[in-house]
Amino acid sequence: MKILLVTAHPRSQSLTHAVAKVFADAATSKGHEIEAANLMAEGFDPVLREPDEPDWSNSNKRYSVAVLREMARIERNEATVMVFPVWWWSMPALLKGWIDRVWNNGWAYGDKTYPHKRAWMLAVAGTSPEAYAKRGYDGAMRTGLDTGILDYCGIAETRLELLFGAIEGAPYPEEILAKARQLGSEF
Ligand SMILES: Cc1cc2nc3c(=O)[nH]c(=O)nc-3n(C[C@H](O)[C@H](O)[C@H](O)COP(=O)(O)O)c2cc1C
């Protein structure tokens with residue numbers, strides 16, 4: 001499968017980028033092809049301005065050139081995997097803005113559904129599973145991201161994988177990378 005691997009992190013040496021690389025290497029060794037979309041390195045502008053605002057009375061609205069280019073990049077692939085750090089119990093604004101602008105009315109929802117049958121989110125979480133469970137952050141993220149975005153856009157094979165404990169020290173980072181490798185192998 002051709003996978004668009006979308007990352008949103010400011011530091012190339014981050015655990016998030018290491019997760020993306022390990023996932024990509026494992027998926028490639030299973031015969032998948034990876035196209036990298038490093039939104040930070042590319043300088044993607046996440047702010048939704050008027051040209052990309054949905055027109056609820058016109059599902060054929062022509063969006064900005066930048067958005068049409070992103071749509072074409074998605075369309076030449078067959079699956080999407082987004083790898084990002086959890087920031088404020090959600091995704092970085094950079095990735096949120098990519099979705100705001102590109103996963104637009106009449107293309108990802110409305111008259112159409114997102115072009116891919118499979119889309120996964122791998123979220124590198126700073127704290128432990130217990131910290132998430134204590135306040136229900138994991139459930140809230142599943143509702144907002146998996147149900148609210150992936151399901152909403154008609155994607156059949158969705159997955160939100162929370163990779164816990166990134167800043168908790170050993171053994172978490174190694175476990176996170178092992179999980180990313182496993183996910184790449186089973187994609
Ligand atoms: C702005 C900001 C907000 C964050 N919010 C959360 C959060 O809500 N929950 C959490 O578990 N970790 C949070 N963290 C910690 C990150 O998830 C953590 O730094 C990251 O997963 C570590 O991996 P990295 O090396 O790829 O950055 C936050 C970090 C930043 C910079």
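Computed from a prediction, not measured in an experiment: that's the story for all the values here. FYI, the numbering just counts along the sequence from 1. What's counted below: heavy atoms across the whole structure, side chains too, no hydrogens, waters or symmetry copies.
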For residues 81-91, please give each side-chain donor-acceptor pair under 3.5 Å, one per line with the distance, not counting sequence neighbours.
none

Under a 3.5 Å cutoff, is there a donor and acceptor pairing between the side chains of Trp120 and Glu161? no
What about the rings of Trp107 and Tyr114, do their centers lie closer together than 6.0 Å? yes
Salt-bridge test for Arg142 and Asp138: reply yes if a basic N is under 4.0 Å from a carboxylate O, no otherwise. no
Distance col, row Leu5:CG vs His32:NE2, nearest 0.5 angstrom, shows 12.5 Å
With the side chain counted from C-beta on, respond yes when Thr80 and Ile3 share a heavy-atom pair under 4.5 Å apart, and no when they do not. no
Is there a path from Phe44 to Tyr63 through hydrophobic residues (I, L, V, M, F, W, Y) whose side chains come within less than 4.5 Å of each other? yes
Here the pair of heavy atoms bringing Pro173 nearest to Ala166 is CG-O, 4.1 Å
Where do Ala26 and Ser29 come nearest, in terms of heavy atoms and distance? O-OG, 2.8 Å
Point-to-point distance, once rounded to the nearest 0.5 Å, from CZ of Arg69 to CZ of Arg73: 8.5 Å
Grouping ILVMFWY residues whenever side-chain heavy atoms fall under 4.5 Å, the cluster of Val65 otherwise contains none
Does the ring centre of Phe164 sit less than 6.0 Å away from the ring centre of Tyr132? yes
Could you check Lys2, Glu35, Glu33, His116 and say which one makes a side-chain hydrogen bond (donor to acceptor under 3.5 Å, both in side chains) with Asn77? Glu35
Around atom CD of Glu42, are there more than 12 heavy atoms of other residues, nucleotides or ligands at under 6.0 Å? yes
Test side-chain contact (heavy atoms from CB on, under 4.5 Å) applied to Leu177 and Leu15, step by step: CA-CA 8 Å; Leu177 291 173; Leu15 188 57; 4.1 Å; yes
In this structure, CD1 of Ile176 is separated from CD of Glu168 (nearest 0.5 Å) by 9.5 Å
For Asn105 and Asn58, which heavy atoms make the closest approach, and how far apart are they? ND2-O, 4.4 Å
If only atom types and distance count, is the side chain of Asp146 paired as donor or acceptor with the main-chain N or O of Arg159 below 3.5 Å? no
Aromatic plane relationship, Phe23 with Phe187 - under 30° parallel, 30 to 60° tilted, over 60° perpendicular: perpendicular
So Cys153 and Trp103, do their side chains get closer than 4.5 Å, heavy atoms only? yes
Does some side-chain heavy atom of Leu183 sit less than 4.5 Å from a side-chain heavy atom of Glu186? yes
With rounding to the nearest 0.5 angstrom, report the NZ to CZ distance, Lys96 to Arg101. 13.0 Å
Membership question, hydrophobic clusters at under 4.5 Å side-chain separation (ILVMFWY): are Leu68 and Val6 in the same one? yes
Assess the residue pair Val102 and Met71 against the criterion (side-chain contact (heavy atoms from CB on, under 4.5 Å)); give the C-alpha distance rounded to whole Å, side-chain angles, the decisive distance to 0.1 Å, and a yes or no. CA-CA 6 Å; Val102 182; Met71 288 172 170; 4.0 Å; yes
Looking only at heavy atoms, which two atoms of Leu150 and Ala119 are closest? And how far apart? CD1-O, 3.7 Å
In terms of heavy-atom contacts, Glu75 and Pro115 come closest through CG-CG, 4.2 Å
One should read off an interatomic distance between Ile74 CD1 and Leu4 CG, to the nearest 0.5 angstrom, of 6.5 Å
Show, in sequence, the C-alpha distance, side-chain angles and deciding distance for Glu174 and Lys179, and conclude whether the salt bridge (charged side-chain N to carboxylate O under 4.0 Å, His left out) test is met. CA-CA 9 Å; Glu174 279 311 313; Lys179 181 73 184 175; over 6 Å; no
Would Thr147 and Tyr152 count as a side-chain contact (heavy atoms from CB on, under 4.5 Å) if you check the C-alpha gap in whole Å, the side-chain angles of each, and the deciding distance to 0.1 Å? CA-CA 6 Å; Thr147 309; Tyr152 184 78; over 6 Å; no
With rounding to the nearest 0.5 angstrom, report the CG to CG distance, Asp55 to Asn104. 10.5 Å
Would you check if the side chain of Thr113 reaches a backbone N or O of Tyr109 as a donor-acceptor pair within less than 3.5 Å? no
Write down the atom of Lys61, the atom of Glu53, and the distance for their closest heavy-atom approach. NZ-O, 2.7 Å
Measure the shortest side-chain to side-chain distance between Leu94 and Met40 over non-hydrogen atoms and say whether it is less than 4.5 angstrom. yes
hydrophobic_cluster_shared for Leu95 and Val67, side chain cutoff 4.5 Å: yes
Backbone N or O of Ile155 within a donor-acceptor pair of the Thr158 side chain at under 3.5 Å? no
Is it the case that one hydrophobic cluster holds both Leu160 and Val124, taking links as side-chain heavy atoms less than 4.5 Å apart, direct or via other members? no
